[in-house]
2 protein chains.
Amino acid sequence: MVTMRDVAERANVSIATVSFVINGTKRVAPQTRARIEAAIEELDYRRNVVARALASSRTRILALLHPDLEARPNATVIQFVMSAAHGARERGYDLVLWPVNDDEQMSHLLAGGLVDGALLMEVRICDSRVDRLVESRVPFALIGRTENDDLPYVDIDFATTIDQAVGHLRSFGHERIALVTQRTKAAPGDEPGRIMRAEAAYLDATAALRRRVRRPPAVIAVEGTSAGGREAARTLHDDFPDATAVVLVNEGASAGLVKGSRALGRSIPDDLSIISASTTRELGEMIEPSLTVMAAPAPQLGRLAADALIDQLEGVQDTPPHLLIPCTLVPGQSVGPPPEGRRR
Amino acid sequence: MVTMRDVAERANVSIATVSFVINGTKRVAPQTRARIEAAIEELDYRRNVVARALASSRTRILALLHPDLEARPNATVIQFVMSAAHGARERGYDLVLWPVNDDEQMSHLLAGGLVDGALLMEVRICDSRVDRLVESRVPFALIGRTENDDLPYVDIDFATTIDQAVGHLRSFGHERIALVTQRTKAAPGDEPGRIMRAEAAYLDATAALRRRVRRPPAVIAVEGTSAGGREAARTLHDDFPDATAVVLVNEGASAGLVKGSRALGRSIPDDLSIISASTTRELGEMIEPSLTVMAAPAPQLGRLAADALIDQLEGVQDTPPHLLIPCTLVPGQSVGPPPEGRRR
DNA sequence: CTGAAAGCGCTTACAG
DNA sequence: CTGAAAGCGCTTACAG
């Protein structure tokens with residue numbers, strides 16, 4: 001292995017000077033620099049990142065913490081992960097995957113000093129992992145939000161997204177719109193923030209409408225699987241037969257909802273309009289009929305989260321970043337006017 | 001930050017002894033050990049992994065190299081990644097994501113000394129990245145195979161998988177079976193090994209049959225997208241109208257092939273049987289009708305690849321691992337007998 | 001069974 | 001503009 005010492009000897013300088021030109025941390029006379037650069041080139045020297053990390057107490061490694069990475073993460077989650085990894089890499093950082101559920105284990109990992117910062121996904125409104133993160137004094141950024149707005153985060157703007165979804169359906173004439181969200185193993189009220197915010201946004205966006213047509217909210221929570229989607233179709237059919245449209249915030253259940261509805265004899269979109277919020281356009285294309293989706297800004301948000309964290313680490317920024325980006329409407333074939341008979 | 005020195009002082013021993021008990025690398029008198037353990041507990045000491053890495057020249061970090069991680073990796077790839085990350089973590093290793101296409105950049109990263117070993121995905125038959133890996137002297141394992149069988153690998157057994165898929169279709173009476181694979185940007189002959197092996201296996205498995213019915217092979221390569229799938233449906237319809245069944249080795253095109261075929265008036269499975277090989281059962285369930293799939297053993301293989309690499313790093317194993325696991329047939333509703341008129 | 005000490009390959013005040 | 005040297009927090013022969 002060729003070390004900095006080898007380069008220094010060949011260029012006839014001290015290792016300090018070599019370090020200065022490699023890092024650009026101090027002025028070095030042009031010809032000294034040239035000698036060093038030549039030596040580096042000739043020896044094909046590459047700085048050892050571990051030694052650098054120990055000496056500078058900066059590893060340039062970021063952790064990505066996600067509880068469900070083992071299960072089957074949906075396409076949107078993957079986009080977050082991949083874009084965060086790319087964003088990090090472009091700024092000279094590496095991303096390690098930490099599929100950790102346990103708070104205790106998380107603290108242990110954090111305390112090991114491997115990572116300079118952490119990105120946390122699937123954030124809950126009250127999330128003990130965030131407390132651990134704060135305790136650990138490792139800088140972090142959230143992909144999602146807790147109720148504490150002071151922490152740095154990057155999140156999907158569910159309020160705007162759901163509002164637009166509802167607006168889109170209303171523009172077709174729908175007045176009875178249900179919401180299908182995701183059921184998790186979490187205690188009620190402790191679900192990922194995304195679920196709670198989507199529900200709140202739905203209640204908001206449909207409030208005036210519901211008042212007018214005198215109907216209670218129609219909210220269904222099912223597993224994020226095909227089976228969950230079919231369950232939602234049945235519940236919708238049995239318990240909310242007058243609903244003519246659905247806003248879905250449950251990517252994994254999308255296909256099942258469509259299949260289940262059709263199995264119950266309801267055609268999409270003639271009998272039921274569906275809009276799947278916070279997913280990928282690829283998922284929409286896979287389903288028949290093509291789903292109208294609100295595409296999640298995951299490819300941007302993952303990178304923005306990495307950038308926000310790195311800015312924080314490098315002291316580039318003054319104030320904790322709070323980024324909120326709505327999903328983008330991508331029309332498919334799953335939304336149409338409500339059936340005549342059901343229109344009120 | 002509490003260091004080993006702090007622990008040593010509190011326990012009244014040298015830091016060497018502390019190191020010995022933490023690593024279990026040397027016998028230590030029971031009561032000395034107890035004192036040290038107490039001190040560790042009281043100070044909530046956690047060994048610094050960076051210092052350890054520098055001193056021991058082992059980082060316990062593994063790199064996962066995948067060229068297409070930025071694009072949209074399919075569900076199977078994700079299963080590989082996640083199970084590899086989990087397998088590594090369980091053995092005390094971390095996995096960093098290196099979404100790198102460029103050979104040069106790969107060599108740079110490898111030379112930095114951050115990782116003890118690497119896992120390479122999307123391996124081509126002749127893969128220059130493998131040469132770089134060998135040059136770099138960083139131990140590695142392949143997920144996939146080159147033509148050089150001496151390297152350690154873990155791979156899907158495409159020969160068996162395709163053979164079983166063809167056998168399954170034949171048991172329903174199909175005699176004219178097409179193959180749909182994936183088109184990549186790679187030069188011909190330089191595609192990922194999986195594609196070439198699948199094609200070879202198809203030619204093998206259908207050889208006798210084709211000889212009997214006097215028909216040439218029917219192989220179609222399309223993009224791994226919904227559009228690609230629709231293109232395959234059209235090509236099948238136009239160029240191979242007598243094919244009554246398809247084996248698909250193109251996860252991303254599955255949904256498009258079904259939608260495209262139906263759009264051309266061919267019902268599945270009445271007019272065309274489809275079996276999607278090397279994918280996830282979840283994908284099969286999403287599509288209507290539910291696809292018969294050969295589920296990839298990705299959740300096992302990712303972990304096995306990590307294990308193989310770690311065994312190699314720790315000198316646990318003698319011979320380079322060569323693991324080949326076939327996919328598992330999961331019947332859906334996309335395979336049935338061929339239409340009467342077409343049966344020959 | 002335990003310790004003193006060298007060393008891993010860098011960075012970074014500090015001095016000149 | 002350049003260098004000598006301390007130090008990052010561990011591991012690991014070596015000696016006793």
Side-chain angles (χ1 to χ4, degrees), chain A residues 1-37 39-40 43-61 92 108 110-116 313-315, chain B residues 1-37 39-40 43-61 92 108 110-116 313-315:
Chain A
M1 178 190 227
V2 22
T3 71
M4 203 171 253
R5 184 166 308 282
D6 300 323
V7 174
E9 276 171 15
R10 184 174 193 109
N12 254 304
V13 293
S14 73
I15 60 166
T17 308
V18 176
S19 176
F20 297 150
V21 345
I22 288 181
N23 297 306
T25 37
K26 247 187 187 175
R27 324 193 53 77
V28 171
Q31 39 159 313
T32 310
R33 161 186 300 278
R35 273 210 320 283
I36 292 172
E37 279 166 352
I40 289 175
L43 297 173
D44 195 28
Y45 167 71
R46 211 91 7 115
R47 167 180 55 191
N48 180 300
V49 300
V50 178
R52 169 152 104 127
L54 182 59
S56 64
S57 46
R58 304 260 334 261
T59 63
R60 302 197 142 244
I61 299 176
H108 271 253
L110 254 15
L114 178 64
V115 303
D116 286 345
L313 294 175
E314 300 187 342
Chain B
M1 178 190 228
V2 22
T3 72
M4 203 171 255
R5 183 166 309 282
D6 300 322
V7 175
E9 275 171 15
R10 185 173 193 109
N12 254 303
V13 293
S14 74
I15 60 167
T17 308
V18 175
S19 176
F20 297 150
V21 344
I22 287 180
N23 297 306
T25 38
K26 250 188 185 174
R27 323 192 53 77
V28 170
Q31 41 159 312
T32 310
R33 163 188 298 280
R35 271 209 323 280
I36 293 172
E37 280 167 349
I40 289 175
L43 297 172
D44 194 28
Y45 168 71
R46 211 89 11 111
R47 166 180 55 192
N48 180 300
V49 300
V50 178
R52 168 152 105 128
L54 183 60
S56 63
S57 46
R58 306 257 338 259
T59 63
R60 303 197 142 246
I61 299 177
H108 270 252
L110 254 14
L114 179 64
V115 303
D116 286 345
L313 293 175
E314 300 186 342

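Here is how names work: the chains are called A, B, and so on, in the same order as the sequence lines, proteins then strands, and each is numbered from 1.
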Mind listing the side-chain donor-acceptor pairs of residues 13-22 of chain B below 3.5 Å, one per line with the distance, residues two or more places apart or on another chain?
residue, atom, partner, partner atom, Å
B/S14, OG, B/A16, N, 3.3
B/S14, OG, B/T17, N, 3.3
B/S14, OG, B/T17, OG1, 3.3
B/S19, OG, B/N23, ND2, 3.3

Give the residues of [range] touching DNA chain C, defined as any heavy atom closer than 4.0 Å, sorted by residue number.
range: residues 54-61 of chain B; value: B/L54, B/A55
range: residues 29-37 of chain B; value: B/A29, B/T32
range: residues 5-19 of chain A; value: A/I15, A/A16, A/S19

Inset, instruction - State the CZ-CG distance between A/R58 and A/L313, to the nearest 0.5 angstrom. - result: 6.0 Å

Legend entry - Heavy-atom closest pair, residues B/T3 and B/Y45: C-CE1, 3.5 Å

Legend entry - Sequence-distant partners of B/S57, side chain to side chain contact (heavy atoms under 4.5 Å, CB included), two or more places apart: none

Legend entry - With sequence neighbours excluded, residues passing side chain to side chain contact (heavy atoms under 4.5 Å, CB included) with A/A51: A/N48, B/L54

Legend entry - B/T59 side chain to B/A53 backbone, donor-acceptor under 3.5 Å: no

Legend entry - Separation of atom CE in B/M4 from atom C1' in D/dT12, rounded to whole Å: 12 Å

Legend entry - Rounded distance in Å - CZ (A/R52) to C1' (C/dC10): 10 Å

Would you tabulate the side-chain donor-acceptor contacts of residues 27-37 of chain A under 3.5 Å, counting partners in other chains and residues two or more places apart, or write 'none'?
residue, atom, partner, partner atom, Å
A/R35, NE, A/A11, O, 2.9
A/R35, NH2, A/A11, O, 3.2

Legend entry - Residue list, salt bridge (charged side-chain N to carboxylate O under 4.0 Å, His left out) with A/R5, at least two apart or on another chain: none

Legend entry - Contacts of B/R47 that satisfy salt bridge (charged side-chain N to carboxylate O under 4.0 Å, His left out) - sequence neighbours left out: none

Side-chain N or O of [X] less than 4.0 angstrom from OP1 or OP2 on [N]?
X: A/Y45; N: C/dG9; result: no
X: B/R27; N: C/dT2; result: no
X: B/N23; N: D/dT11; result: yes

Tabulate atom names and distances for all N/O pairs under 3.5 angstrom spanning the protein and nucleotides 14-16 of chain C.
residue, atom, partner, partner atom, Å
C/dC14, N4, A/K26, NZ, 2.9

Legend entry - Range-with-range stems of DNA chain D (Watson-Crick or G-U pairs under 3.5 Å, three or more in a row): C:1-3 with D:14-16, C:5-12 with D:5-12, C:14-16 with D:1-3

Inset, instruction - Would you mind listing every salt bridge (charged side-chain N to carboxylate O under 4.0 Å, His left out) that reaches into residues 10-26 of chain A, with sequence neighbours excluded? - result: A/R10-A/E42

Legend entry - Worked verdict on A/I61 versus B/I61 for side-chain contact (heavy atoms from CB on, under 4.5 Å): CA-CA 11 Å; A/I61 299 176; B/I61 299 177; 4.0 Å; yes

